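Below, read A as the first sequence line, B as the second, and so on, with proteins coming before strands; counting in each chain starts at 1. This is a predicted model, so every value here is computed, not measured.
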Amino acid sequence: MNQELAEIFYEIADILEMKKVQWKPQAYRKAARSLESLGENVKDIYKEKGFKGLTEIPGVGEGIAKKIVQFIETGKVIELEKLKKKIPEGLADMMKVPGLGAKRALKLYKRLGIKSIKKLEEAAKKHEIQNIETFKEKSEENILKGIEFLKRSKGRVLLGYALPIARYIESQLKTLKEVKKAVSAGSLRRREETIGDIDILIVASNAEPVVKFFTEMPVVERVLAKGKTKAVIITKDDIQVDARIIKPESFGSALQYFTGNKEHNIHLRRLALKKGLKLSEYGLFKGKKQIAGKTEKEVYNKLGMCYIEPELRTDSGEIEAALKKKLPKLVGYDNIKGDFHVHSKWSDGSDSIEEIAKTAKDNGLSYIAICDHAGHLKIAHSLDEKRIEKQGKEIDKINKKLSEIKILKGAEVDIMADGTLSLKNSALKKLDIVIASIHSGFRFPKEKQTERILKAMDNPYVNILGHPTGRLIQRRESYEIDLEKICEKAKERKIALEINANPERFDLNDANVKEAIAKGAKLAIGTDSHSKTHLSFLELGAAIARRGWAEKKDILNCLSLKQLMKFLRKT
DNA sequence: GCCGTTTTCGGCCCGACTGTTTTCAGTCG
């Protein structure tokens, strides 16, 4: 619902821009972005808090709220239908071609009657476009390249996929003697679940060789821009990477600016203006004098607030909290002592328990819970009671052998349609830790789904509710649940809600985490590893917790083994 | 169309790069 509405508002913005309407396009886009990053479904907001609730969404006022209501009730927004009649269908699509904005797209339509990407491609191939003033051969070439990119590009990529690529490019850049710093900013540094492009900031003694190196790296497929301080490339796996060369005295303000997000930055710049200052990527200025910019902290402090961690910079209350110095002390990446959700060869994982435990130990963990599938799910080689017992003996052996790491005996059991579990209590009782998850019946209506989960949570042996909403990023919607009720039950029953750190899941997500904490529920990060290399997802789980404003006390993984065992032995 | 510690009108972030231009508009982030 939110995404559909966002797309409608983006389209309205595009058409309005072509019609040379001032300001409204920005307003619609702001609302669209706001909807995209909203944790809650607008439909639920409307149901619970009515029209007023909608206008409380940042960037949504009376006008846009009315359109949201219209969409909820009728499935359409009349304004868009009207606008579409004035501008040929497909024309707004043309703006998706990189380098082609509203004005030039409209010009092509007016002069050549081009009104779709397909027609655009044909015209460019026939060299009809270079005859229009302000278009020449180069424009034609770029349009074709842009269309090609559009066809191949998969859009936003998962954080878990982009992060290693970014780190690799950073490390390559750091091999240059000119490079003093190379740091990724942007949505990657905010640890968003998907990344549009990678932004790398570089401090270098001499920009020229750095730009040359960057645009000629072996991973480069195509160079989009190459200037004195900025270069843009597309990698062979179709990820756009921007590089900026920064002076050391501006490094903090540049890092701040390029870490964003957009709303956060605009908010800060407005605050700066109110103080009679100007904030840009070059620094915070009073007249022509730079008063901050070397570090991010300096910039935030000079604006009258405390430092804001990158993961929080989404303009969703963090600036107000920072001004009042009331930001939470976020859980640290190094506070995470263990992993609660690991599969081994015993079910559908690919490594032995011993291999996994050794890797975990090398990663600095002090405990992991082996939670293989247990019960009826034959396809994942689920363990029955007998095999669980056998596995337990193997774990005992390895525990004796390895020091500094403790392997907990666990299982991931299925929540059946009626809310019972796929393994008998007599078996669950013997385990250190039990994760209950839904692996079937994704489409149950909200009430039934919630009831089913609540019933499972009443089982005395359940410790963690696995991937509570079941969504897969870009692939499957959440199942419909009443998260509020589930959080209340979690608090009451001392059951932790999982933050599944698998990059395709990230479930609970940041907004859910915030809600869970507000309701007093604890959270447990699990990587859902099916191979020892997946154990490194733990940091991504910590990132979600941080984006959800979690503190150490909210996260089970911060407990020492002793404290943890106490938590698990609930009455 | 949105928003308000300059509040119900009058603002709306700021700068780099490109291609086409001969000083700049368009696009992007």
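Separation of the P atoms belonging to B:dG1 and B:dT5 is 23 Å when rounded to the nearest angstrom. Spacing between B:dG15 and B:dG10 at atom P, rounded to whole Å, works out to 26 Å. Spacing of C1' atoms, B:dT22 relative to B:dC12, comes out at 32 Å, to the nearest Å. Straight-line distance between the P atoms of B:dC14 and B:dC9: roughly 25 Å, to the nearest whole Å. Between the C1' atoms of B:dT27 and B:dC13, the separation comes to 16 Å (whole Å).
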Quiz: residues 43-65 of chain A side-chain donor-acceptor pairs under 3.5 angstrom, not counting sequence neighbours:
residue, atom, partner, partner atom, Å
A:K52, NZ, A:E56, OE2, 3.4
A:T55, OG1, A:K52, O, 2.8

Listed pairs under 3.5 Å, donor-acceptor, residues 215-228 of chain A side chains, sequence neighbours left out:
residue, atom, partner, partner atom, Å
A:T215, OG1, A:V211, O, 2.9
A:T215, OG1, A:K212, O, 3.1
A:E216, OE1, A:K212, NZ, 3.3
A:E216, OE2, A:K212, NZ, 3.3

Sequence neighbours excluded and cut-off under 3.5 Å, please list the side-chain donor-acceptor pairs for residues 174-185 of chain A, or say none.
residue, atom, partner, partner atom, Å
A:T175, OG1, A:Q172, O, 2.5
A:S184, OG, A:E170, OE2, 2.4

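Note on A:P25: nothing from the nucleic acid sits closer than 4.0 angstrom, heavy atoms only. A:K262 comes within 4.0 angstrom of a nucleotide base, judged by non-hydrogen atoms across all strands. Contacts of A:K274 with the nucleic acid, taken as non-hydrogen atoms under 4.0 Å apart, include base atoms. Contact annotation for A:N265: no contact, since no heavy-atom pair falls under 4.0 Å across all strands.
For residues 41-65 of chain A, proximity to DNA chain B is found at A:P58, A:G59, A:V60, A:G61, A:E62, A:G63, A:I64, defined as any non-hydrogen atom under 4.0 angstrom from a strand atom. At a non-hydrogen distance threshold of 4.0 Å, A:T134, A:F135, A:K136, A:K138, A:S139 from residues 114-141 of chain A come into contact with DNA chain B. For DNA chain B, the neighbouring residues in residues 66-81 of chain A, judged by any heavy atom under 4.0 Å, are A:K67. Of the residues in residues 191-199 of chain A, not one comes within less than 4.0 Å of DNA chain B through any heavy atom. Non-hydrogen atoms lying under 4.0 Å from DNA chain B are contributed by A:G99, A:L100, A:G101, A:A102, A:K103, A:R104, all within residues 99-109 of chain A.
Taken to the nearest 0.5 Å, the CG atom of A:L80 stands 5.0 Å off from the CD1 atom of A:I12.
Among all heavy-atom pairs drawn from A:N265 and A:G260, the shortest one is ND2-CA, 3.5 Å.
At least one side-chain heavy atom of A:L327 sits less than 4.5 Å from a side-chain heavy atom of A:I308. Residues A:R191 and A:E539 are in side-chain contact: their nearest non-hydrogen atoms beyond the backbone lie under 4.5 Å apart. Under the 4.5 Å side-chain criterion, counting only non-hydrogen atoms from C-beta, A:F71 is in contact with A:M1.
The residue among A:S280 and A:V97 whose nearest nucleotide of DNA chain B lies closer to the 5′ end is A:S280. Where A:Y257 and A:Q26 meet DNA chain B, the nucleotide closest to each residue was compared, and A:Q26 sits on the side nearer the 5' end.
Using a 4.0 Å cut-off between charged side-chain N and carboxylate O, A:E141 and A:K145 make a salt bridge.
Note that the first and last nucleotides of DNA chain B, 5' to 3', having any atom under 4.0 angstrom from a heavy atom of chain A are B:dG1 to B:dG29.
Contacts of A:Y28 classified as ring pair (Phe, Tyr, Trp, His ring centres under 6.0 Å), with partners at least two apart in sequence or in another chain: A:F9. Residues satisfying the ring pair (Phe, Tyr, Trp, His ring centres under 6.0 Å) criterion with A:F506, sequence neighbours excluded, are absent altogether. With sequence neighbours left out, A:F537 forms a ring pair (Phe, Tyr, Trp, His ring centres under 6.0 Å) with A:H534.
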